[in-house]
There are 2 protein chains.
Amino acid sequence: MKYPQGVKRNQVNTPRADKEINYGQRGMTLEKDLDKTNQFYLDTKRAIIHKKPTPVQIVNVDYPSRKKAKITEAYFKVPSTSDYNGLYKGRYIDFEAKETRNKTRFPFINIHAHQVEHMRACHNQGGIVFIIVKFTVHDEVYLYPFEHFVKHWDAYLGNGRKSITYADIKAESILLPIKYNPRYDYLAAVDEFYFE
Amino acid sequence: MKYPQGVKRNQVNTPRADKEINYGQRGMTLEKDLDKTNQFYLDTKRAIIHKKPTPVQIVNVDYPSRKKAKITEAYFKVPSTSDYNGLYKGRYIDFEAKETRNKTRFPFINIHAHQVEHMRACHNQGGIVFIIVKFTVHDEVYLYPFEHFVKHWDAYLGNGRKSITYADIKAESILLPIKYNPRYDYLAAVDEFYFE
C-alpha cells in the first residue's frame, strides 16, 4: 500500500510522544524487575535476596473495631542502609539499585552518604557489594562493583565532581542482558566478577 | 540494726508490686536493647547488623506544599523474612527476636510459618541463623540456634504441640549475660556456638 505522504507514514510508525511515555514507564520498573528476579532466585533456591521495606516513621495508628489497624499519619525516613541484601553461595550480598535519565552521566544526587558508608563497611567486612545502575534512555542495566564505584565517590569527596561518566561505568561494569525470567540475571554477573 | 518484725524487712527489700511493673517495662525493651547492641557493634566495627523496617502497605500520601510528604493511609503487612540480618566475620547472620511472658513455655503463636521457612532457607544456604528468646518473667534472654529450634517446629507441624518448653530452650540455648553495653552481647554466643 502506498501512502500519499511520507510524513504520514512516519507518524504511524514512530509516535514519538508515546515512546517517551514508554521510557518513563520502563524507568519505573527497575524495582519491579528486581523483585521478580529475586523471587525467581528464591523459587529456584539459588539465593535469598530481599528488598528491605521502605523505612517509615509511624506517628498515629487507628484501631477501628473489627478492622485491621490503620496508620493515619506517617513520614518517610532516610534509609540508613542499602535497599537490598541477602545470601548467595554462603556469602553476604548487599546492593543498591539506582536509575537515571541522564544519557552521559550517573549523578550522585540520589545516593546518600551514609548509604555509601554502609556499603563501604560491608565491603570491608567481606560482603559482596555493588550498585545496579539503569540508564533508562539507553535501556541498559549494569552491575557496578562497589570497588570501582567507591574510587569515584572518594574523588568526589575531594574534588566535588558530582557524577560518574557513562563511559566510566560502561568500562568498569558488567552489562546485564535483559531476559524474560530472571529479568536481570545479576547473579551471573556476580559469579563472573566475584567467583571466577 | 535490728528490725522489730521480719515481715517489715521483707517489705522493704522486695516491693513485689513494683517489681512486676518493672518486669513489664523490661519486656518492652528487648527491641531497644538489641538496637543499642547493634549500634555498639556498628560503632566498634565488629559487625553490621540492622533491624529491617516494619513492612507497611502505603495506600495514600499527601504532598502539602513546602512540607514533607505525609502518609495518610497505610496498613501493616505480614513480614516475609525475619527482622534482623547482616554480616559478621564474613558470614551472613539472620535472626528473629521474640519475647514471652509465659514462665514455662515458649509458644509458637508469634512466629509466622513463612518466617521459619525463610530462616530454614538461610540456614540451608550457609547462613548463621537463630532466635533471640526473652522470658520476661525470668528476665532471661537466650540465643536459640535455629538447628535446635527447627526440630521442635517440625515436630509441631506433625504433632500439633504449639510450644517449646522453657526447660528445652534452657538446655539447647546459650544464656546471654545482661551487661551495660552491649546490653546483650549475642555475638559472643555466636562465637561460642558457630566459630569454636
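Scope of the values below: all heavy atoms of this structure, side chains included, with no hydrogens, waters or symmetry mates. This is a predicted model, so every value here is computed, not measured. Labels below follow one simple rule: chain letters A, B, ... track the order of the sequence lines, proteins then strands, and each chain is numbered from 1.
In terms of heavy-atom pairs under 4.5 angstrom with chain B, the leader among A/Lys77, A/Lys52, A/Arg46 is A/Arg46. Heavy-atom pairs under 4.5 Å with chain B were tallied for A/Arg91, A/Lys45, A/His50; the largest tally goes to A/His50. Counting heavy-atom pairs closer than 4.5 Å to chain B, the top-ranked of the candidates A/Ala47, A/Gly126, A/Gly90 is A/Ala47. Ranked by heavy-atom pairs under 4.5 Å with chain B, the first of A/Thr72, A/Leu87, A/Asn60 is A/Leu87. Among B/Asn124, B/Asn85, B/Val56, the residue with the largest count of heavy-atom pairs under 4.5 Å with chain A is B/Asn85.
Interface residue A/Lys89: only backbone heavy atoms are found under 4.5 Å from chain B. Only the side chain of B/Thr81 comes within less than 4.5 Å of a heavy atom in chain A; its backbone stays farther off. Contact annotation for A/Val61: only side-chain heavy atoms (C-beta onward) come within less than 4.5 Å of a heavy atom of chain B. Using a 4.5 Å cut-off between heavy atoms, B/Ile58 touches chain A through its side chain atoms alone.
Classified by interplanar angle (parallel below 30°, tilted 30° to 60°, perpendicular above 60°), the ring pair A/Tyr156/A/Phe108 is tilted. Between A/His123 and A/Phe146, the ring planes are tilted. Angles from 30° to 60° get that label.
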- Decide side-chain contact (heavy atoms from CB on, under 4.5 Å) for B/Leu42 and B/Asn38; before the verdict, give the C-alpha distance in whole Å, the side-chain angles of both, and the deciding distance to 0.1 Å. CA-CA 6 Å; B/Leu42 264 184; B/Asn38 289 336; over 6 Å; no
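Ring-centre distance between B/His152 and B/Phe106: not below the 6.0 Å cut-off.
Panel note: side chain A/Asp62, backbone A/Pro64; no donor-acceptor pair is recorded below 3.5 Å.
The pair B/Asp168-B/Lys151 does not count as a salt bridge, with every side-chain nitrogen at least 4.0 angstrom from each carboxylate oxygen.
Residue A/Phe130 is tested with A/Phe95, A/Phe193, A/Tyr144 for a ring-ring contact (aromatic ring centres under 6.0 Å, His included); the sole match is A/Phe95.
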